[in-house]
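So the structure is just underneath, and the comments pick up after that.
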Amino acid sequence: MAARCSYCGAELRPNSMFCLSCGQLATGGRRSTPAPVSDTSEVPPQPSASVPPPPAAPSRPSPGPADGLEARIAAAPPVAAPGLPQLVFTTGQTLVVREGTVLLGRRPEDIAAAEGAAAFALDDPDRSMSRVHAAVVFGAAGLRVVDRGSGNGTVLRRGDREDRCPEGLPVELVPGDELWFGSVGARVR
């Protein structure tokens, strides 16, 4: 019998970390075991435990002229909202940030309603974003982003520096900053 998502009830794929229907982390449920490998010659050698793994790279293409980020964001028409910050996404979507909290993700509506926040669902055909990936907060302290414990993390690129946003801690944003939510990018205007 296959395992089911404890959140939405959908059938989980074997050894899946996330439910493909709702994006919820698949924990505590019964998981089917993988089929035994019959021919070990096709299995690549695994590094020994004494060798530290390489540092994790962000799960997105490296930014630059080849990825078209500048072209996709430059092509996005500016939204008339003087004085309000905007996030222009590589999906073509634009978020005008008003005072308060906005949850970003593939399907943030339910959690946003429960928390009294606004929701902004992003197009993510690669499914690299979590259901609720990050929060954008705008108020007296300025514009900030908070990673909500997403699977692929939130990465901030400012100039030549690139940093992963720590889970649950607000990170200040300024115009020109570039954010990555999985493989979905955004520019702060």
Side-chain angles (χ1 to χ4, degrees), residues 18-24 57-189:
F18 298 94
C19 173
L20 294 178
S21 295
C22 70
Q24 189 74 7
S59 62
R60 61 162 180 78
S62 60
D67 76 352
L69 173 67
E70 293 298 324
R72 287 183 280 174
I73 288 178
V79 177
L84 293 177
Q86 298 178 20
L87 290 168
V88 182
F89 295 90
T90 55
T91 61
Q93 297 168 281
T94 299
L95 169 64
V96 176
V97 186
R98 292 174 171 39
E99 191 166 335
T101 301
V102 180
L103 297 185
L104 305 175
R106 286 185 295 110
R107 293 178 51 194
E109 298 85 1
D110 293 340
I111 303 297
E115 294 182 8
F120 192 80
L122 286 157
D123 299 329
D124 182 24
D126 296 338
R127 299 185 64 84
S128 63
M129 291 184 71
S130 297
R131 200 169 44 90
V132 178
H133 197 97
V136 175
V137 182
F138 182 53
L143 184 64
R144 302 183 183 284
V145 66
V146 180
D147 183 84
R148 296 285 302 251
S150 60
N152 285 325
T154 301
V155 176
L156 170 65
R157 183 174 182 142
R158 182 176 291 157
D160 293 336
R161 187 176 170 132
E162 186 174 289
D163 294 301
R164 186 181 269 284
C165 296
E167 179 183 335
L169 296 177
V171 176
E172 183 179 7
L173 298 175
V174 296
D177 281 350
E178 188 177 301
L179 290 166
W180 287 93
F181 310 98
S183 65
V184 176
R187 176 69 48 100
V188 179
R189 287 188 179 167

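The basis for the numbers below is simple: all heavy atoms, side chains too, and nothing from hydrogens, waters or symmetry mates.
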Which pair of heavy atoms, one from [X] and one from [Y], lies closest together, and at what distance?
{"X": "S130", "Y": "G151", "answer": "OG-N, 3.0 Å"}
{"X": "P108", "Y": "A119", "answer": "CG-CB, 3.9 Å"}
{"X": "D147", "Y": "C165", "answer": "CB-O, 4.1 Å"}

From the options L87, V136, L95, L103, select the one residue that forms a side chain to side chain contact (heavy atoms under 4.5 Å, CB included) with F120.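 Running side chain to side chain contact (heavy atoms under 4.5 Å, CB included) over L87, V136, L95, L103 with F120 returns exactly one hit, L95.
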State which residue, out of V88, D177, V145, V97, fulfils the side chain to side chain contact (heavy atoms under 4.5 Å, CB included) condition with V188.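 Of V88, D177, V145, V97, side chain to side chain contact (heavy atoms under 4.5 Å, CB included) with V188 is met by D177 alone.
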Spatial distance of atom [atom1] ([X]) from atom [atom2] ([Y]) [nearest 0.5 Å]:
{"X": "R164", "Y": "L156", "atom1": "CZ", "atom2": "CG", "result": "12.5 Å"}
{"X": "I111", "Y": "R131", "atom1": "CD1", "atom2": "CZ", "result": "5.0 Å"}
{"X": "E99", "Y": "L84", "atom1": "CD", "atom2": "CG", "result": "10.0 Å"}
{"X": "M129", "Y": "T154", "atom1": "CE", "atom2": "OG1", "result": "7.5 Å"}

Please answer whether the main-chain N or O of G185 pairs with a side-chain N or O of T90 as donor and acceptor at a distance below 3.5 Å.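 Side chain of T90 to backbone of G185, a donor-acceptor pair under 3.5 Å: yes, one is there.
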Side-chain polar contacts of residues 166-176 - donor-acceptor pairs under 3.5 angstrom, sequence neighbours left out - could you list them?
none

Would you say S183 and D124 make side-chain contact, with heavy atoms under 4.5 Å? yes
List the residues meeting side-chain hydrogen bond (donor to acceptor under 3.5 Å, both in side chains) with E115, not counting sequence neighbours, and say none if there are none. R148
Can you run down the ring-ring contact (aromatic ring centres under 6.0 Å, His included) pairs that involve residues 129-176, sequence neighbours left out, and say none if there aren't any?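 Only H133-F181 qualify under ring-ring contact (aromatic ring centres under 6.0 Å, His included).
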